[in-house]
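If you scroll down you'll find the structure; I have some questions about it.
What you are looking at is a predicted structure, and each value in this text was computed from that prediction instead of being measured.
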Amino acid sequence: MEKRGKARRQHPYWTWKLGFSAMPLLFLFFSLTLAHNNSSQRRMVRKLVKNNESMLSRDVTLEWENRGQVVMDNGLVRITLSRPEGNVIALKYNALDNLLEIRNPQYNRGYWDVVWNRPNRGSATDRVRATNFKVITATADQIELSFTKTWNPNSHSSCPLNIDKRYILRRGDSGFYAYAIFERLDGWPQIDVDQIRIVFKILGKKFHYMVVSDDRQRIMPTARDRETGHPLAYREAVLLTQPINSKLKGEVDDKYQYSLENMENKVHGWESMNPHVGFWMITPSDEFRTAGPVKQDLTSHVGPTTLSMRIETSKWPYSFVGSTDFPSSNQRGTVSGRLLVRDRHAKKWLMWGDSAYVGLAAPGELGSWQTESKGYQFWTRADGQGYFSINNIRPGNYNLYAWVPGVIGDYKYANDITVTLGSTTRLGLLIYDPPRQGPTLWEIGVPDRTAAEFYIPDPQPTLMNRFYNNSDIHTPDKFRQYGLWERYAELFPHQDLVYNVATDDYRRHWFFAHVTRATRFGTYQATTWQIVFRLQGPKQSGNYMLRLALASTTEAVVEIRFNNPLARGAHFSTGYWASGRDNAIARHGIHGLYWLFNFKVPSGYLVEDENIIYLTQRRHMGPFQGVMYDYIRFEGVQ
């Protein structure tokens with residue numbers, strides 16, 4: 001984080017709602033459970049719902065415990081917090097006195113933490129143990145509590161931020177709200193923040209069924225199953241060898257297999273069948289998240305652990321938050337417009353920005369929203385005609401960014417956009433001219449910022465997650481299987497990938513990740529892929545254009561040579577500055593940060609007969625160094 005101006009707040013407001021089989025999620029949860037219940041269980045559930053309805057009129061109360069605890073209770077949910085630390089140590093709902101893991105120490109049940117470091121130093125974890133406690137609101141309808149900590153420069157783990165953790169309980173809700181305010185004052189040390197989390201460790205003996213999305217839900221292994229399993233290439237991945245549930249034996253468990261993109265990461269959690277209780281984390285807005293709508297982030301995983309990284313969208317922005325840092329609905333603005341794509345060499349040289357991702361983020365260079373984390377971001381999807389509207393925007397100064405699936409490159413609106421209290425900004429028609437020099441001579445892939453269209457192999461039978469195997473529903477998630485990077489050397493044992501643009505199909509012949517090759521000596525080798533093509537017609541004088549779009553790169557450098565693999569110096573290179581740290585190969589992603597390279601190719605590099613482009617991923621210290629290509633296009637002379 002950089003020092004700018006006077007006292008400033010970094011991500012001043014984060015919010016989640018946590019619900020326990022609750023309104024508005026109560027009936028959704030029980031509808032899932034009732035499908036497997038007998039008639040006596042159905043009567044029990046109906047009685048439980050009726051009892052809950054009778055509690056909706058209860059006042060919200062605040063109780064002071066003698067053991068350094070404070071309790072909020074609305075008759076449906078009872079929340080016990082440590083005072084003044086602000087950790088959630090007990091959550092009572094219905095028949096369960098505590099939904100959190102009672103075998104854990106009180107500080108390790110429900111907490112916040114910040115992983116941070118000073119430049120060029122090792123990382124530290126601040127568990128955000130507050131030192132001050134304050135009641136913000138205490139009425140019969142709502143209680144809001146504040147737990148604050150100030151930076152302690154004498155503690156090596158204390159993050160140079162003032163942090164205010166807030167918890168809200170309202171009348172009639174079978175859940176509570178949590179948010180935090182992070183303040184950095186002028187002159188404080190420069191730091192990098194890797195992650196800020198709110199974590200809940202829930203009862204392992206009760207919660208076994210995890211729900212990440214409508215089509216990603218399953219019975220999960222236990223923490224003990226992981227402890228007795230066989231560790232794989234990194235500590236998060238474990239082969240289950242002695243699971244309590246024998247049906248899970250031989251599967252790989254890895255928390256990254258259950259990640260979601262930000263735009264999909266709205267609600268996730270766990271279900272218990274005895275008693276019938278669900279623990280759900282709902283994220284009503286993505287505005288606090290960085291790196292845009294398609295960044296992959298963690299959800300729930302074995303522990304059972306619920307992290308926040310059919311939302312109450314009708315209530316957002318909330319009107320009941322006590323912090324003055326949170327602007328209400330009438331204090332926010334709206335920006336709308338229509339996006340048109342103009343490409344004179346495309347099949348349709350004018351086309352609407354169909355399903356474009358359009359967002360407001362901090363002012364910066366083209367695509368800077370992927371790495372800038374000091375401001376808020378607001379994203380939406382355009383409709384089929386390119387119309388978009390971004391609502392509930394915090395006042396501030398922004399740039400408007402966009403990209404269109406199927407179109408290469410990034411769009412940025414030329415002028416800054418200032419959003420003021422209650423403002424409405426209509427931008428009208430916006431025209432995006434994507435990168436283009438000449439006609440397309442050939443192309444590989446689809447410019448959609450992922451490697452999903454390329455060949456993804458089956459996993460090793462002994463290293464699979466059966467949840468993602470042999471299912472029509474989960475076929476698009478095949479890339480989430482463990483160890484796919486190792487399949488490259490098996491599929492290409494003697495020679496690296498050779499792709500002929502005239503005869504090959506990228507869906508079957510282009511491996512989804514350009515990775516290293518393991519040797520029998522325990523080391524790794526660089527790999528060189530070839531693209532074979534012929535020029536259409538006589539070679540022209542001037543510069544051709546090679547456009548190389550990467551969907552992900554992890555400590556990788558791609559060197560490019562034309563027709564001479566032994567040339568001492570590469571003709572082109574993606575460069576060490578763009579070597580990346582996505583780690584999408586290991587963490588079961590299909591994309592990371594987007595990179596676009598445009599190389600002017602002198603006609604002297606080419607011949608009128610067969611040409612070969614050599615792509616060498618030269619860094620080879622381990623199995624996870626590599627790139628995922630998004631799209632490669634070769635254009636004619638202008």
Check whether Thr516 reaches the backbone of Gly622 with its side chain - one donor and one acceptor, N or O, closer than 3.5 Å.
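At least one qualifying donor-acceptor pair exists.
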Calculate, to the nearest 0.5 Å, the distance between atoms CG and CZ belonging to Asn500 and Arg534 respectively.
8.5 Å
Using a strict threshold of under 4.0 Å (side-chain N to carboxylate O), is an ion pair present between Lys478 and Asp458?
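Judged by the 4.0 Å cut-off on N to carboxylate O distance, Asp458 and Lys478 do form a salt bridge.
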Please report whether the ring centroid of Tyr234 lies less than 6.0 Å from that of Phe624.
yes
By the salt bridge (Lys or Arg N to Asp or Glu O under 4.0 Å) test, which pairs, at least two apart or in different chains, include something from residues 441-453?
Asp410-Arg449
Working for side chain to side chain contact (heavy atoms under 4.5 Å, CB included), residues Gln638 and Lys600:
CA-CA 11 Å; Gln638 187 173 12; Lys600 291 185 177 181; over 6 Å; no
Inspect the contact between Glu264 and Arg216 and indicate whether a charged nitrogen and a carboxylate oxygen are less than 4.0 angstrom apart.
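Glu264 and Arg216: not salt-bridged.
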Check whether the side chains of Tyr256 and Arg587 place a donor and an acceptor atom closer than 3.5 Å, and report yes or no.
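Indeed, the side chains of Tyr256 and Arg587 share at least one donor-acceptor pair under 3.5 Å.
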Could you please spell out the steps behind the side chain to side chain contact (heavy atoms under 4.5 Å, CB included) verdict for Ile408 and Tyr631?
CA-CA 8 Å; Ile408 197 170; Tyr631 177 68; 3.7 Å; yes
CZ (Arg127) with more than 12 external heavy atoms under 6.0 Å
yes
Looking at Tyr455, does the NZ or CZ of Arg507 lie under 6.0 angstrom from its six-membered ring centre and within 45 degrees of the ring axis?
no
Would one find more than 12 heavy atoms of other residues, nucleotides or ligands at under 6.0 Å from atom CZ of Arg381?
yes
More than 12 heavy atoms of other residues, nucleotides or ligands under 6.0 Å from CZ of Arg581: is that the case?
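For Arg581, atom CZ is not crowded (no more than 12 foreign heavy atoms under 6.0 Å).
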Asn611 (side chain) donor-acceptor with Asp609 (main chain) under 3.5 angstrom:
yes
For Asp496, what residues pass the salt bridge (Lys or Arg N to Asp or Glu O under 4.0 Å) criterion, not counting sequence neighbours?
Arg517
Would you say the side-chain atoms of Tyr468 pair up with the backbone N or O of Met464, donor to acceptor, closer than 3.5 Å?
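Checking the backbone N and O of Met464 against the side chain of Tyr468, no donor-acceptor pair under 3.5 Å is found.
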I'd like to know if the side chain of Asp126 and the backbone of Val114 have a donor-acceptor N/O pair within less than 3.5 Å.
no
Indicate the ring-plane relationship of His514 and Trp529, choosing parallel, tilted or perpendicular according to the 30° and 60° boundaries.
parallel
Would you please test Leu550 and Tyr629 for side chain to side chain contact (heavy atoms under 4.5 Å, CB included) and show each step?
CA-CA 4 Å; Leu550 302 182; Tyr629 298 100; 3.6 Å; yes
Expected output: side-chain Glu608 to main-chain Lys539 donor-acceptor under 3.5 Å:
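Looks like yes, one N/O pair under 3.5 Å.
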I'd like to know if the side chain of Glu372 and the backbone of Lys374 have a donor-acceptor N/O pair within less than 3.5 Å.
yes
I'd like to know whether the aromatic ring centres of Tyr499 and Tyr506 sit less than 6.0 Å apart in this structure.
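No; Tyr506 has its ring centre 6.0 Å or more from that of Tyr499.
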Using modelled atom types and a 3.5 Å cut-off, is there a donor and acceptor pairing between side-chain atoms of Asp504 and backbone atoms of His509?
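It does not hold such a pair.
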Salt-bridge contact Glu555-Arg619 (side-chain N to carboxylate O under 4.0 Å)
no
Given His345 and Thr440, is the side chain to side chain contact (heavy atoms under 4.5 Å, CB included) satisfied, shown in steps?
CA-CA 7 Å; His345 289 291; Thr440 299; 5.6 Å; no
Output yes when a side-chain donor or acceptor of Ser552 lies under 3.5 Å from a complementary backbone atom of His591, and no otherwise.
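Between the backbone of His591 and the side chain of Ser552 there is no qualifying donor-acceptor contact (under 3.5 Å).
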Donor-acceptor contact present, side-chain Asp192 to main-chain Asn117, <3.5 Å
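It does not hold such a pair.
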Asp253 backbone acceptor or donor facing Arg226 side chain under 3.5 Å
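Side chain of Arg226 to backbone of Asp253: a pair is present.
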Would you mind telling me which of Phe512, Phe511, Trp510 makes a ring pair (Phe, Tyr, Trp, His ring centres under 6.0 Å) with Tyr488?
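Going through Phe512, Phe511, Trp510 one by one, the ring pair (Phe, Tyr, Trp, His ring centres under 6.0 Å) with Tyr488 is satisfied by Phe511 alone.
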